[in-house]
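Reviewing the structure listed below.
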Amino acid sequence: MFPELNNLLNITPDRAEQGKLTLLCDAKTDGSFLVHHFLSFYLKANCKVCFVALIQSFSHYNIVGQKLGVSLTSARERGQLVFLEGLKSSVDVFFQANEEPHPLQFLREAKPGNLQPLFEFVREALKPEENGEAAWRCPVLLVDDLSLLLSLGVGAVAVLDFVHYCRATVCWELKGNMVVLVHDSGDAEDEENDILLNGLSHQSHLILRTEGLATGFCRDVHGQLRILWRRPSQPTAPRDRSLTYQYKIQDKSVSFFAKGMSPAVL
Amino acid sequence: MAAAATCGTGAGSTASVASAASKSKVTSFQRRGPRASGTDSGGLRLVSIAGTRPSVRNGQLLVSTGLPALDQLLGRFGTKNWDKYNIYSPLLFKYFLAEGIISGHTLLVASAKEDPADILQELPAPLLDDNCKKELDEDVCNHKTPESNVKMKIAWRYQLLPKMEIGPVSSSRFGHYYDISKRIPQELIEASNWHGFFLPEKRSSPLKVESCSLTHGYLKLLQFIQNIIYEEGFDGSNPQKKKKNILRIGIQNLGSPLWGDDICCTENCDNSHSLTKFLYLLRGLLRTSLSACIITMPTHLIQNKAIIARVTNLSDTVVGLESFIGSERETNPLYKDYHGLIHIRQIPRLNNLICDESDVKDLAFKLKRKLFTIELCLLGFKTTFFLLLWPRQLFFSCLTLFPYLFQHLEAACISWLMVSSFILKTSSVRLSPSYVAIALVLCSASHFCF
C-alpha cells in the first residue's frame, strides 16, 4: 500500500471502514497501481480478500505485492486470500465441456445471460466461518477489471446486476468492502462501458479516477488522481467532497502532490 | 518500395491514412519445474534460452522483435507485438518471424490469406557481422553525411537525446539486423521448426467444441495453438524435454473478413465479442506458456471504435504505424524524409508498478533500400537551425549561429523571449518553416536596430 495515498484518503489498516463500495476508474492511463494498493492495504488490515483477477496472472500481482510488503502466496496458503485467476482458468473452462459449474462458465455461452456462477463463487469464498470465530476482520471483494467482462460478451446490465448482488451480500450482509476497476473509454464511444461506469458511479461511496495529463506524456508527472467521496444513500446530503492530486509512480511507491507542485518543477 | 509491394492488403482503396497499432503478449513463465507458471516466483531460476535475455527489472524473459530500434523503444519489457496496420505492418511481422528463425525459436504462422510457407519464403535475410558494416556504410553515404555532421555541431542538445538510429553493433544474441532486399536462405527455413495455420485448409475438420461463441476461424486457430503448446511442451507439461524454447506466434490480419469476422463490415455486428474473446483466451494461453505473439490487425477497416479500445486494453504492447501514403502529409515538406509515423500507444507494465516509457514520442519510420529504420522525427530544415521546446536551447542555438549577437546580448535576449513565447504557444515539434523564417527575421532585425 502507498502510505501517501492512505493519508490522502484518511484511512489506515487499523481503521478500515466497512460496507463501502470503491470505484477505481482510469481514463487514458493505467490505473492498476490502485488495485495493487488496495490489495496490499486490505491484506495488511487482516481482512479476508476475494480477488477476481481477470486481466493479469497471479505472479504479476505477487511480484508487485512483494515490493509493497505483502506475500500473496502465503496469504493464499493461510486462507486469507481467495484468488480467481481468469487467464489461467479461461482456456480450461472454454475447451473442457464440464457440466460442473465454474465461475467463468459464461465463456462457453454465445450470449451469456448472467454472472450467477461468479456471484456464487464470491459468496462461497467470503462466507463467514461456521464455528463463529472471526479469524479475519471483514470480507473484501476486489475485481480487476469489470470492463473486461463486457469484452467477453456479458452485457452491461448483467454486470451491474452482478455488482448489485455482490454489494448486497458483501457490503450490506457481511459488512465488508468492495473495490472494482472499470476503464473509462473516453471518446471511444463504447456505450456499454459508459452504462456500466455511470451505473457504478452512482452506487459508489468513493471514486478514485486516474487520468492521463491533458498535455500528454510527462516524465515527472504520470497522471492526475481525482478523489470523490460520495454518500449514495443520502442524496440530499451536502455536496460531495472532491480532491485532485497529481502523482508519479516509482518502483515501490507512488508519490502524490498538489497540481503543479511536482518536485521536478519546484 | 519493393518490400511494400509484396504485402497486398488492399489498403490502397482507403483514402484516409490508416492508423495501425500493434500489441504484444508477454510470457510470464518463470520457474522451471513440473508445474506451469502461475506458481510462486520466489527463488526463481530463469531458464536460459537462445535468443532471449532475462530482464533484471522484473524477472521476465525478453524476446527481440527483430528490430533493435523497436526493442529499445518498447523498453526493457517483453516483446510480443500485436500490430494493427496498413502497409508496413507485414514488415514488422516478418522481422519478428525472421528473428525467431535466427534465434532457433519455434514458429507458428497463422494466416487466412497467404499460405504460411509463402510468408516464410519472403522473410528478410539476416545481416551478418562482416558485410553488415560495409552495407550500412553504403546506405549512409547515399544520404547527406556531411550535413548531418554539421547538424550535430549546432544542435548540440540533440546529441544528448538517445540515438534512435543505430547501426548494427555486432551480431549479438539478442536482436539482429536484416536486409529486406534479400530473401532468407532456404536452408535456414528448412532447419527451423515451424508450424503453419492456413485457414482455408482447415475448414473441413469437425469441431470438438460445441459452443458457437467464437467465429469458426478463431476457434480452429485457438485449438491449433493450444495443441502445439501442449504437444511441444511450451507450457512446461513435459519436463523431460531437454532444451526449453520459445514459441513465436504470428497471426496476420486478425479481424479481417477472411477470418469470418464481420467487424470490418458493419458497425454493429452480431458477433462483436468474438474477436475480444479470442484475444482473451489467447492471452491466457500465452501467459501460461513460453511464447510470444505478434498480431497484425487492419484497424483502418474496423468501423467500431469501441472494439479498438477493448482490443488495446487486452494487449500488452500496442504499436501504431501510420503511413503517409495517400494522406496530405505525403506532400508535406516536413515529412519528406519519412514514410510514416510510429505511435507507441501502450507498453506493458508487467510484474512492476512502472513501465519504461521512452522519453521520445515523435517517431517516424523510413523504409530504406535494405533497412526499416525508426528515427526521431526531426524537423526537415536544411538550415542548421533547430527549434526545441525550451527557450534556452533556442537562444543558444541562435547565438552559435549568429555570433555577432553576443555583442548585443540584451537585444538578443528580448527578441528571443518574444519569439520563443510566440513559438511555444503554437507548440508542437512540427513547426512549419514559416515560423523559423519569422524568428530569423526578428533576430536579425534586433541586431540592426540596436
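Lettering follows sequence order; numbering is per chain, from 1.
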Heavy-atom pair of closest approach, residues [X] and [Y]:
{"X": "K277(B)", "Y": "L107(A)", "value": "NZ-O, 3.0 Å"}
{"X": "R287(B)", "Y": "I55(A)", "value": "NH2-O, 4.4 Å"}
{"X": "H273(B)", "Y": "G153(A)", "value": "CG-CA, 3.5 Å"}

Would you give the length of the straight line joining atom [atom1] of [X] to atom [atom2] of [Y], rounded to the nearest 0.5 angstrom?
{"X": "N313(B)", "Y": "L148(A)", "atom1": "CG", "atom2": "CG", "result": "8.5 Å"}
{"X": "L285(B)", "Y": "K88(A)", "atom1": "CG", "atom2": "NZ", "result": "13.5 Å"}
{"X": "F94(A)", "Y": "L219(B)", "atom1": "CZ", "atom2": "CG", "result": "5.0 Å"}

- ring-ring contact (aromatic ring centres under 6.0 Å, His included) partners of F2(A), counting only residues at least two apart: H37(A)

- Item | Y280(B) (side chain) donor-acceptor with L54(A) (main chain) under 3.5 angstrom | yes

- Task: Determine whether L281(B) and L87(A) make a side-chain contact, defined as any pair of heavy atoms from C-beta on separated by less than 4.5 Å.
- Result: no

- Message: Counting only heavy atoms not in Q116(A) (residues, nucleotides, ligands), do more than 12 fall under 6.0 Å from its CD?
- Response: no

- Query: In this structure, are over 12 heavy atoms from other groups packed under 6.0 Å from K44(A) atom NZ?
  - Reply: yes

- Note on the structure: Interface check, chain B: of S147(A), S90(A), S253(A), most non-hydrogen pairs under 4.5 Å belong to S90(A)

- Task: Look at V254(A), D30(A), L72(A), L68(A) and state which one has the largest set of heavy-atom pairs under 4.5 Å with chain B.
- Result: D30(A)

- Contact origin within Q250(A) toward chain B - heavy atom pairs under 4.5 Å: backbone

- Task: Please state whether the side chain, the backbone, both or neither of L150(A) comes within less than 4.5 Å of a heavy atom of chain B.
- Result: both

